[in-house]
Amino acid sequence: MAAFTTFASFNKEIILLDELKVPINDRAFFFGDGVYEVLRVYQGQPFLFDEHMERLKRSLSAVNIHGVPDLTKDILANIALNDVGEGMVYMQISRGSAPRVHSFHNASLTPNILIYSKPFHEHPSDHEAKTGITAITHDDIRWGRCDIKSINLLPNCLAQSLAHEKGAHEAIFIRNDKVTEGSSCNVFLVKNNVIKTPPLSPQILPGTRRQFLTHSLRADGFHVLEETATKSELYDADEVFITSSIKEALAVIAIDQKPINGGQIGDISKRARELILDAAKSRLN
Ligand SMILES: Cc1ncc(COP(=O)(O)O)c(C=O)c1O
């Protein structure tokens, strides 16, 4: 049986994802030379679509990949083709195919564009929303442009795998004693009802949920600071929660086996998740 019954679009050709053959000379294969986006779909509609597409443009321009057309129609067509009600879209754009040479100077390359979507049978974080998640801390060994959503995710994969090996869900990166972000998420801390998340910088991805929540928590009356936090502030926080398009917002109830909020999900973490899910229901755009 096919591993995926999902239809993908690769350079506009529609093909079953598990039957798709990508060119060996794709620079994504040799160099990880590409960028990507992941969108959450609610009721057949991508959520925070404009924000994701803006970030995609920003990533493309930061790595000098040009000539990518507007993908809106192809994304919506793929969601419809795969009959995705609740689910996700993955899109990846590489610089293009060429014999393996590091430099792309003077090479006239056409980007390779992959899009696929797939339905979720249940929200992937429903269970974790009830139990909370656990995390480890991990040295942030990544490059200096983590604000670009590059497909180079080896340090993230290593860190998250180590978290899983240790029985935790996520790895929270620490650089020079400061919290940056998770291996696949942004991080928020709460202390004395003040919410803190690391400021935008080349060291973190400007998360769509991070942006959404800094605004909507403020609108909800919370004091939200975009400030650095140390590792000991992380351990001492009253609450910690992580955010991403797939997980939305989830409470972290222990870090490096030290309980946060007595190992319980806190009210502000719950509220953060509720704000996103309410918006997803009411503000489908
Ligand atoms: C490293 C990293 N930081 C942050 C995020 C959160 O971004 P978003 O909220 O847009 O999903 C992700 C999402 O995949 C990520 O991989």
Side-chain angles (χ1 to χ4, degrees), residues 32 34-42 46-60 62 75 87-93 117 120 123-125 128-129 133 135-164 169-175 178-189 195 197-217 224 226 228-229 234 240-250 252 269 272-273 275-277 279-280 283 285:
V35 299
Y36 76 109
E37 275 296 326
V38 178
L39 302 181
R40 181 67 167 88
V41 177
Y42 287 97
F47 180 50
L48 298 181
F49 186 70
D50 294 346
E51 288 82 346
H52 282 283
M53 298 319 279
E54 263 315 301
R55 186 172 63 190
L56 179 64
K57 266 195 214 153
R58 207 179 144 270
S59 296
L60 287 166
I75 294 167
M88 55 83 76
V89 178
Y90 179 84
M91 72 193 87
Q92 173 175 310
I93 296 155
S117 56
F120 293 146
H123 191 293
S125 59
E128 291 159 341
I133 64 164
I136 60 166
T137 56
H138 193 289
D139 265 355
D140 197 341
I141 55 170
R142 298 173 303 160
W143 71 327
R145 289 302 305 272
C146 300
D147 56 321
I148 299 170
K149 204 161 167 65
S150 147
I151 58 174
N152 282 272
L153 293 172
L154 183 55
N156 308 56
C157 296
L158 290 171
Q160 197 172 100
S161 301
L162 184 65
H164 290 172
H169 299 82
E170 248 301 351
I172 297 177
F173 286 126
I174 309 287
R175 192 186 289 262
K178 304 281 191 323
V179 176
T180 54
E181 61 181 341
S183 68
S184 60
C185 55
N186 292 111
V187 177
F188 287 73
L189 290 73
I195 304 170
T197 192
L200 293 181
S201 81
Q203 295 179 350
I204 70 165
L205 187 77
T208 55
R209 273 44 178 186
R210 177 196 174 282
Q211 184 188 25
F212 175 84
L213 275 180
T214 48
H215 291 139
S216 57
L217 283 165
V224 183
E226 294 177 71
T228 53
L234 184 71
V240 174
F241 57 92
I242 55 113
T243 63
S244 80
S245 303
I246 298 298
K247 305 275 180 184
E248 301 298 9
L250 287 177
V252 181
S269 307
R273 184 173 179 82
L275 282 168
I276 301 185
L277 294 184
R283 264 193 31 185
N285 60 2

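Remember, it's 1-based here, ligands and their atoms both numbered in the order they're listed. Only heavy atoms go into these numbers, but all of them, side chains included; no hydrogens, no water, no symmetry mates.
With respect to the salt-bridge test (charged N to carboxylate O, under 4.0 angstrom), the residues Lys178 and Asp140 do not qualify. Taking a cutoff of 4.0 Å between a charged side-chain nitrogen and a carboxylate oxygen, Arg210 and Glu51 do not qualify as a salt bridge. Salt-bridge check for Glu37 with Lys149: failed, with every basic side-chain N at 4.0 Å or more from each acidic carboxylate O.
Ranking the protein heavy atoms by distance from atom 11 (O) of ligand 1 puts Ser245 OG, 2.6 Å first. The nearest protein atom to atom 16 (O) of ligand 1, hydrogens excluded, is given as Ser184 CA, 3.4 Å; this is a heavy-atom distance.
For ligand 1, the atoms lying closer than 4.0 Å to a non-hydrogen atom of Lys149 are 13 (C), 14 (O), 16 (O). Each of the atoms 8 (P), 9 (O), 10 (O) of ligand 1 lies under 4.0 Å from some heavy atom of Thr208. Which parts of ligand 1 touch Gly207 is read off a 4.0 Å heavy-atom cut-off, strictly below it: atoms 7 (O), 8 (P), 9 (O), 10 (O). Listed by number with element, the atoms of ligand 1 under 4.0 Å from a non-hydrogen atom of Gly182 are 1 (C). Interface of Arg55 with ligand 1, defined as ligand atoms under 4.0 Å from a residue heavy atom, comprises 7 (O), 8 (P), 10 (O). Proximity to Ser183 (heavy-atom distance under 4.0 Å) selects the following atoms of ligand 1: 1 (C).
Distance alone, capped at 3.5 Å, is enough to place a donor-acceptor pair between the Thr197 side chain and the Val187 backbone. Judged purely by atom type and a 3.5 angstrom limit, Arg273 uses its side chain to pair as donor or acceptor with the backbone of Ala249. In terms of modelled atom types and a separation under 3.5 Å, the side chain of Arg142 and the main chain of Gln203 share a donor-acceptor contact. Proximity of a side-chain donor or acceptor of Arg55 to a complementary backbone N or O of Pro206 within less than 3.5 Å is detected. Formation of a donor-acceptor pair under 3.5 Å by the Ser244 side chain with backbone atoms of Lys247 is found in this model.
The shortest N/O to N/O separation between Asn156 and ligand 1 does not fall below 3.5 Å. Backbone and side-chain nitrogen or oxygen atoms of Ser244 are examined, and none is located within less than 3.5 angstrom of a nitrogen or oxygen of ligand 1. At least one N/O-N/O distance between Arg209 and ligand 1 falls below 3.5 Å. Ligand 1 has an N or O atom lying under 3.5 Å from an N or O atom of Glu181, backbone or side chain. Polar contact check, His52 against ligand 1: no nitrogen or oxygen pair lies under 3.5 Å apart.
When the heavy atoms of Ile276, Leu153, Asn186 are ranked by distance to atom 6 (C) of ligand 1, first place goes to Asn186.
In Cys146, neither the side chain nor the backbone holds a heavy atom less than 4.0 Å from any atom of ligand 1. Only the backbone of Cys185 comes within 4.0 Å of ligand 1, counting heavy atoms alone; no side-chain atom from C-beta on gets that close.
Aromatic ring pairs are classed by plane angle as parallel below 30°, tilted from 30° to 60° and perpendicular above 60°; the pair Phe173 and His138 is perpendicular.
Residue contact annotation: Pro206 has no non-hydrogen atom under 4.0 Å from ligand 1.
In this structure, the separation between CD on Glu248 and CZ on Phe212 is 9.0 Å, given to the nearest 0.5 Å.
Side-chain N/O atoms of Gln160 and Ser184 include a donor and acceptor closer than 3.5 Å.
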